[in-house]
Amino acid sequence: MATTKAPDAGRRSDRSRRAIHDAALALVTEEGYRRTTIEGIAARAGVGKQTIYRWWPSKAAVLMDAFLALAGRTAEEAGAAPEPDGAAPSGEGAPGFPDTGDLAADLKTVLRATVDELNNPVLEAVTRALTAEGIVDAKLGAEFVQQLLDPQLALYVTRLRAAQEAGHVRAEVDPRIALELLIGPLMHRWLLRTLPLTHAYADEVVDYAIGGLTPRT
């Protein structure tokens, strides 16, 4: 007698979570954070509200989880992407952060990629929503920093310390403050929309910052 295979609850749960994540990201992009609701997310994902509240306490928590999952997938895809012409990665360095021996060039590469991410319409609305909500919700803000920002900032610290060991950055420079000289201007221009955020601007930020980091003769 043929047996009926029991439904895979874990797989169904994963599908539901992914559908909820996708729905939350799409609605925030299309409607904005304020107009996005748990009801709307549930309807778009094809699940009941109770399913969402069983896993997340709020709309902000859903969006945070969705964004972290998206960031993780993006990082995995980037890490799996082959180098141009099949070349091996240049330099060892930290994963996701080049170390070619040319600090300025490496920083420009990373900041240009940051500009592209911030200008990406798929990510921009969500990033702005979480940034704004994190200002008024200290717990959410701390989670955003801990789970998303800190791992990225650690890559800058690792690269800058390598530059110090190589004599390309003054030994007394605090890498954490140094990275804020690089990232801070980009975030300021992006958050306040003071002027266009471009690759050329990112390159200039690096040139200005490097002048204060390198050994003085």
Side-chain angles (χ1 to χ4, degrees), residues 1-81 94-97 110 113-158 176 183 186-187 190-193:
M1 181 166 66
T3 59
T4 302
K5 187 177 180 180
D8 188 333
R11 182 174 298 177
R12 186 171 63 247
S13 175
D14 288 342
R15 284 199 302 266
S16 295
R17 283 179 179 270
R18 179 64 182 268
I20 292 167
H21 285 168
D22 291 345
L25 294 170
L27 285 172
V28 169
T29 300
E30 296 166 10
E31 306 289 340
Y33 180 76
R34 290 186 180 182
R35 296 181 64 182
T36 298
T37 63
I38 291 292
E39 290 79 4
I41 295 172
R44 174 72 71 95
V47 302
K49 285 195 305 180
Q50 66 276 13
T51 299
I52 295 179
Y53 281 120
R54 185 165 64 245
W55 290 329
W56 299 281
S58 66
K59 174 180 69 174
V62 176
L63 188 58
M64 169 68 77
D65 203 28
F67 188 73
L68 289 171
L70 175 62
R73 292 195 301 273
T74 301
E76 288 178 3
E77 291 168 2
F97 207 118
V110 173
T114 301
V115 166
D116 291 340
E117 290 178 5
L118 292 173
N119 287 331
N120 184 334
V122 175
L123 300 174
E124 182 177 14
V126 182
T127 306
R128 287 188 181 279
L130 287 172
T131 301
E133 193 65 15
I135 293 173
V136 296
D137 183 338
K139 183 178 179 181
L140 180 71
E143 184 180 355
F144 186 73
V145 169
Q146 180 182 12
Q147 296 197 42
L148 187 67
L149 292 185
D150 278 348
Q152 295 178 1
L153 298 182
L155 300 179
Y156 281 85
V157 170
T158 298
R176 183 60 190 238
I183 299 173
L186 267 63
M187 295 305 298
W190 176 75
L191 281 171
L192 301 182
R193 296 186 175 97

Spatial distance of atom [atom1] ([X]) from atom [atom2] ([Y]) [nearest 0.5 Å]:
| X | Y | atom1 | atom2 | result |
| --- | --- | --- | --- | --- |
| Ile38 | Thr51 | CD1 | OG1 | 11.5 Å |
| Leu25 | Ile20 | CG | CD1 | 12.0 Å |
| Leu149 | Glu143 | CG | CD | 11.5 Å |

Electrostatic pair Asp14:Arg18 at N-O distance under 4.0 angstrom: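 Here Asp14 does not pair with Arg18 in a salt bridge, since their nearest N and O are not under 4.0 Å apart.
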
Run Arg17 and Asp65 through side-chain contact (heavy atoms from CB on, under 4.5 Å) and show every step you take. CA-CA 10 Å; Arg17 283 179 179 270; Asp65 203 28; 4.1 Å; yes

Give me the one residue out of Asn119, Leu186, Ile183 that meets side-chain contact (heavy atoms from CB on, under 4.5 Å) with Thr114.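 Result: among Asn119, Leu186, Ile183, Leu186 is the only option passing the side-chain contact (heavy atoms from CB on, under 4.5 Å) with Thr114.
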
Filter on salt bridge (charged side-chain N to carboxylate O under 4.0 Å, His left out), then keep only pairs touching residues 23-41, sequence neighbours left out; what's left?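 Found Glu30-Arg44, Glu31-Arg35, Glu39-Lys49.
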
Show the nearest heavy-atom pair for residues [X] and [Y], with the distance to one decimal.
| X | Y | result |
| --- | --- | --- |
| His21 | Val62 | CD2-O, 4.4 Å |
| Ala23 | Ile41 | CB-O, 3.6 Å |
| Gly48 | Ala42 | C-CB, 4.1 Å |

I'd like to check the side-chain contact (heavy atoms from CB on, under 4.5 Å) partners of [X]; sequence neighbours left out, ordered by chain and number.
| X | result |
| --- | --- |
| Arg176 | Asp150, Leu153, Asp174, Leu179, Glu180 |
| Ala113 | none |
| Leu68 | Met64, Gln147, Leu148 |

Using the test ring pair (Phe, Tyr, Trp, His ring centres under 6.0 Å), find all partners of Tyr156 that sit at least two apart in sequence or belong to another chain.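 Ring pair (Phe, Tyr, Trp, His ring centres under 6.0 Å) check on Tyr156 returns Phe97.
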
Donor-acceptor contacts, no H, no angles, side chain residues 125-138, under 3.5 Å, sequence neighbours left out:
from	atom 1	to	atom 2	distance (Å)
Thr127	OG1	Leu123	O	2.8
Arg128	NE	Glu124	OE2	3.1
Arg128	NH1	Trp190	O	3.2
Arg128	NH1	Leu191	O	3.3
Arg128	NH2	Glu124	OE2	3.3
Arg128	NH2	Trp190	O	2.5
Thr131	OG1	Thr127	O	2.7
Asp137	OD1	Lys139	N	3.2
Asp137	OD1	Leu140	N	3.1

Is the closest side-chain heavy-atom distance between Tyr53 and Ser58 below 4.5 Å? no

